[in-house]
Amino acid sequence: MINYNEIEKKWQDYWDKNESFKAVNNSSKKPYYILVEFPYPSGAGLHVGHVRSYTAHDAMARMRRMQGENVLFPMGWDAFGAPAEQYAIKNHVHPKQAVAENIKTFKGQMKKMGFSFDWSREFSTTDPDYYKWTQWQFLQFYKNGMAYKDTIPVNWCPTCKSVLSNEDAAGGVCERCGSKVQQKEKSQWMLRMSDYAEDLLKGLDDTNFADRVKLGQINWIGKSEGVEVDVDIVGGGKFSIFTTCIETIYGITFFVIAPDGKLIKELMPRVENKDEVLAYIEETANKSAMDRTELNKGKTGVEVKGIKAINPVNGKEVPIYLGDFVLGDYGTGAVMAVPAHDQRDYEYAKEHNLEIIKVIESGDISSHAVEKGEYLEDKKAVLVNSGEFDGLSVKDAKEAITKMLEEKNIGRRVNNYKMRDWIFSRQRFWGEPIPMIYCDKCGWQPMKEEDLPLLLPDVAEYEPTDNGESPLAKIDEWVNTKCPKCGGAAKRETDTMPNWAGSSWYFLRFMDPHNTNEFASMDAMKYWNRVDWYNGGMEHTARHLLYARFWVQFLYNIGLVPHKEMIWTRVSHGMILGPDGLKMSKSKGNVINPDDIVREYGADTLRVYEMFIGDYQQDAAWSEDSLRGCRKFIDRIVRMKDIITDSNKYTNEVLANKTIKKVENDILSLKYNTAISSLMIMLNEYDKQEEVTKADYSLLLTLLNPFAPHITEELNEQIGNKPICESSWPKYDESKIVEDTISIGVQVNGKVRGTVDINVDDSEEVIKEKAMNEENVKKHIEGKEIVKVIVIKGRIVNIVVK
RNA sequence: GCGGGUAUGGCGGAAUUGGCAGACGCGCUAGACUUAGGAUCUAGUGCCGCAAGGCUUGCAGGUUCAACUCCUGUUACCCGCACCA
């Protein structure tokens, strides 16, 4: 009985000893950088989902290496974050201890899977040698005016006395204790990401991301083009509104302003119903913490009495309302309300009994679409009740009215983005300390670069403070320092960076991981050029990717990286679901532990199975039965070794060349499942052959090697070949793939009635002839008029009869 | 509500991008070998039908000699964002 685990260990040691997968900077070979998202090393250990994407890209890396490329396939750890901190609080150990243990587990598991990572480049985001550069880069953001402090509400749990992330505050309830979450104002570091909105959109053209990934980025950025218009207040003063539907401006019957915005604060002295207004503002402040879905039913709000605004195009005086559907931090925090043509305005007007004026008449006058604001689709829609613009189409009116407002100097074209600046502070211990110092005299000062890294202190208590400060705030000897400018007493920033920070540039560090002078040298980055192929989960295609691209674009703008986009192709894998078809989770008890599978079936079987499980980019449910099928496949290959003959010729050239081509192309296009299936077909064909030659067998082993590297190396050694990982990938000969005779289907009126064998050089006439004489076909065309015969060479014949 | 994805035998899934639907694997059926089989090998296996034949890619239409594939409408499930003016 063959012991797979023993063989696996043997070859893993061999690869380690020989540094088989080491990527060499500045090698003359063609560089190719394959990156899989580095994992958060949780206590749960490696997940079968990790195994899927790592195996897939391991296969790609192994094949490309055999094809003579210098493949960079690195691995590291994204280890800052809440779980390690929670663990530390509970067990009174430093989180770095917990992280070290988890990394050890993960790494051991990965080694057992035989992934061909270049372990010499390994690092963790929590290594001071690494986060020194994360801090250094933050200082560059600061020095270039890209980091600033602002007061931002945070989710606050009054029971736990802790700041919560949006995830932990889902539903407006603290995930841990169930208390109602409040909003609390905190001064936080922000990065001016919104300045990059346009560049982040444009940059997508310089990437090869899948369309669905690009769309995710575009939607997240959320650009809308519109017009900002100044609105005068009766009795003096003015404010601005933003609209994307300027053509409806004559239909304004009221304005709505955000209860959480600055405008209402300015207007307060003139408000007649102050109590009512203040109460609504208060109500909104509490509400915004709650899950909005629950409150989405009605359009609440109050009138701001005593203040009327003037429609800038027709002088009409209309009331102003507060409404929480208007957001303080988007656009100008105020909107013109045109209830006839906007769903939300319509609902609001109905709720508060406000006037509705129709300003667009659709081609279909009775159409409800007009009220729903769908007139843009309707090419016949024209303006009415709009003074000089009556009769214009929506498109023309948009332009004409914008021009008129521009000329009067009360309107301007503006783009707005949903994407906001990046809130960069976290009130947590286990993150990169933000290297800023506050001095009463000099204000905020950046640390001196030569003093980096600013290390996290070694203490044993990480409980949050009562007032929502980071646990670091309690550690006086750490907080108290000297001002880098005046040398006087000063205090350190106690907030730390978000988890997203360290993962925004790690792919650059892999290019030059041991550099002590720079985060990565320009030379190294120019050699590797960019990440050629980046794989990660679908859940990261929006935010992580956007943060990373923003970070890189900034570094590019200050001359520190060679390209504005450092990631070329981005692909995402589907999830591995439990045997029940549901997402694996401890509570559901449907978690599959890769260690168990490796022990029972071997790493190669697990690898082959996960590649065979289905479309790589699609979710797939675990099946132990299918897993066994893959083990059977490997067992059959092992048994075949005993019957091979000495010949170094392929028994079937067509099969050999066809399979090389298929496996190679499939690996390059993420179609791993069909690559495996073509190897199964190859094995089946070998079984039917009179003999299986050494050449046949070696080829099968080589083609399977990227998926099942251990057993193939072992068998390959046993038949006296040199290691596959030191050999080259076979080249296929296109001319040998073409078969002389093929069988094609013959249809009558689109229905297949038979098959005929044709030669490649048969003329259309000959093929037609053969088709018409096929027994069953004859039966179906007998006595009927032949309208036409379609012959698609090498594919099909279709005879149309009446 | 908006955006994205998915839908094919008993199951996981293929289909050269408009050209023989169901590759490959699992499962199942029968047989061989066997003291035994959750091992191995052989044959069969979309559905209905004794058969000729008919039907079949969520559903309803359309384009085409030909549609899983393209177009229109529709349903269900999954994921992301959620009042973005």
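In what follows, every chain begins at residue 1, and chains take the letters A, B, ... in the order their sequences are listed.
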| message | Could you work out, with side chain to side chain donor-acceptor pair (under 3.5 Å) as the rule, every residue matching A/Asp421, not counting sequence neighbours? | response | A/Tyr148, A/Ser194
| query | Which part of the nucleic acid, if any, lies within contact of A/Asp615, taking any heavy atom under 4.0 Å across all strands shown: a base, the sugar-phosphate backbone alone, or nothing? | reply | sugar-phosphate
| query | Without hydrogens or angle criteria, can the side chains of A/Thr300 and A/Tyr280 be said to hold a donor-acceptor pair below 3.5 Å? | reply | yes
| said: As a test of the definition: with a 90° window around 0 for syn, would you call B/G9 syn or anti? | reply: syn
| message | Once salt bridge (charged side-chain N to carboxylate O under 4.0 Å, His left out) is applied, what residue pairs with a partner in residues 326-341 of chain A remain, sequence neighbours excluded? | response | A/Asp329-A/Arg420
| task | Measure from CG on A/Asp342 to C1' on B/G1 and round the result to the nearest Å. | result | 12 Å
With the criterion being N/O to N/O and under 3.5 Å, what pairs connect the protein with nucleotides 54-57 of chain B, and how long is each?
| residue | atom | partner | partner atom | Å |
| --- | --- | --- | --- | --- |
| B/G54 | OP2 | A/Arg753 | NH1 | 3.1 |
| B/C55 | OP2 | A/Lys751 | NZ | 3.4 |

| query | Do A/Thr674 and A/Asp666 have side-chain N/O donor and acceptor atoms under 3.5 Å apart? | reply | yes
| Parallel, tilted or perpendicular: rings of A/Phe255 and A/Phe239 (30°, 60°) | perpendicular
| Would A/Glu685 and A/Gln689 count as having a side-chain donor-acceptor pair, cut-off 3.5 Å? | no
| query | A/Phe209 has an atom CZ; how far is it from atom P of B/G4, in whole Å? | reply | 19 Å
| For A/Tyr417, is the NZ or CZ atom of A/Lys223 found under 6.0 angstrom from the centre of its six-membered ring and inside 45 degrees of the ring axis? | no
| query | NE2 of A/His573 versus P of B/G5: gap in Å, rounded? | reply | 18 Å
| message | For the P atoms, the ones on B/C24 and on B/G73, what distance do you get once it is rounded to whole angstrom? | response | 39 Å
| query | When you match A/Gly333 and A/Lys788 each to their closest nucleotide on RNA chain B, which lands nearer the 5' end? | reply | A/Lys788
| query | Whole Å only: how far is the CD atom of A/Glu624 from the C1' atom of B/G38? | reply | 12 Å
| field | P-based separation of B/U72 from B/G4 [nearest Å] | value | 13 Å
| message | With a 4.0 Å cutoff (strictly under), does any side-chain N or O of A/Tyr330 reach OP1 or OP2 of B/A85? | response | yes
| request: Measure from the side chain of A/Gln618, starting at C-beta and using heavy atoms only, and say which of B/C83, B/G13, B/G5 lies closest. | output: B/G5
| message | Counting primed atoms plus P, OP1 and OP2 as sugar-phosphate and everything else as base, spell out the protein contacts along nucleotides 17-27 of chain B at 4.0 Å heavy-atom distance: B, S or - for each nucleotide, 5' to 3'. | response | --BBS-BBSS-
| request: For B/U42, measure the glycosidic angle (O4'-C1'-N9-C4 for a purine, O4'-C1'-N1-C2 for a pyrimidine) and name it syn if it falls within 90° of 0, otherwise anti. | output: anti
| said: Could you tell me if A/Tyr330 and A/Ser224 have a donor-acceptor pair between their side chains, going purely by distance under 3.5 Å? | reply: yes
| note | Rounded to whole Å, the CG-P distance (A/Asp329 to B/A85) equals 13 Å
| message | Distance check, C1' atoms only: B/C59 and B/A7, in whole angstrom units. | response | 11 Å
| message | Quick one, A/Glu734 and A/Ile737 - any side-chain contact, counting heavy atoms below 4.5 Å? | response | yes
| query | Is A/Glu198 atom CD crowded by more than 12 heavy atoms from other residues, nucleotides or ligands, each under 6.0 Å away? | reply | yes
| query | Any donor-acceptor pair under 3.5 Å linking the side chain of A/Asn673 with the backbone of A/Ile613? | reply | no
| Rounded to whole angstroms, how far apart are CD1 on A/Ile241 and P on B/C84? | 15 Å
| Taking the six-membered ring where the residue is Trp, are the ring centres of A/Phe254 and A/Tyr348 under 6.0 Å apart? | yes
| request: Answer yes or no: does a side-chain N or O of A/Arg639 lie under 4.0 Å from OP1 or OP2 of B/C41? | output: yes
| request: Name all stems that contain residues of RNA chain B, defined as runs of 3 or more consecutive Watson-Crick or G-U wobble pairs, both distances under 3.5 Å. | output: B:1-7 with B:75-81, B:10-12 with B:24-26, B:27-32 with B:40-45, B:46-48 with B:53-55, B:58-62 with B:70-74
| Going by number, which of residues 216-230 of chain A have a non-hydrogen atom under 4.0 Å from RNA chain B? | A/Asn219, A/Trp220, A/Ser224
| Taking atom C1' in both B/A15 and B/C68, what distance in whole Å separates the two? | 8 Å
| request: Using the P atom on both, measure B/A67 against B/G58 and round to a whole Å. | output: 15 Å
| request: Could you go through the side chain to side chain donor-acceptor pair (under 3.5 Å) check for A/Asp733 and A/Ser735 one step at a time? | output: CA-CA 5 Å; A/Asp733 182 344; A/Ser735 70; 2.7 Å; yes
| B/C47 versus B/A52 - spacing of their P atoms, nearest Å | 16 Å
| field | Rounded distance in Å between the P positions of B/U69 and B/G19 | value | 11 Å
| task | Go through the steps to decide whether A/Ser240 and A/Asp230 satisfy the test side chain to side chain donor-acceptor pair (under 3.5 Å), and finish with yes or no. | result | CA-CA 4 Å; A/Ser240 305; A/Asp230 297 331; 3.0 Å; yes
| Checking all strands, does A/Asn416 fall into the base, sugar-phosphate, or nothing category for heavy-atom contacts under 4.0 angstrom? | nothing
| note | Whole-Å distance, A/Asp580 CG to B/C78 P, equals 14 Å
| Pair A/Asp604, A/Tyr609: side-chain N/O donor-acceptor within cut-off below 3.5 Å | no
| message | Using the P atom as the point on both nucleotides, what is the distance between B/G12 and B/G61, in whole Å? | response | 27 Å
| request: Classify the side chain of A/Lys299 and the base of B/C83 as holding, or not holding, a donor-acceptor pair under 3.5 Å. | output: yes
| request: Kindly determine whether A/Tyr601 and A/Asp596 satisfy side chain to side chain donor-acceptor pair (under 3.5 Å), including the steps that lead there. | output: CA-CA 8 Å; A/Tyr601 296 91; A/Asp596 299 339; over 6 Å; no
| B/C83 C1' sits how many Å from A/Asp260 CG, rounded? | 12 Å
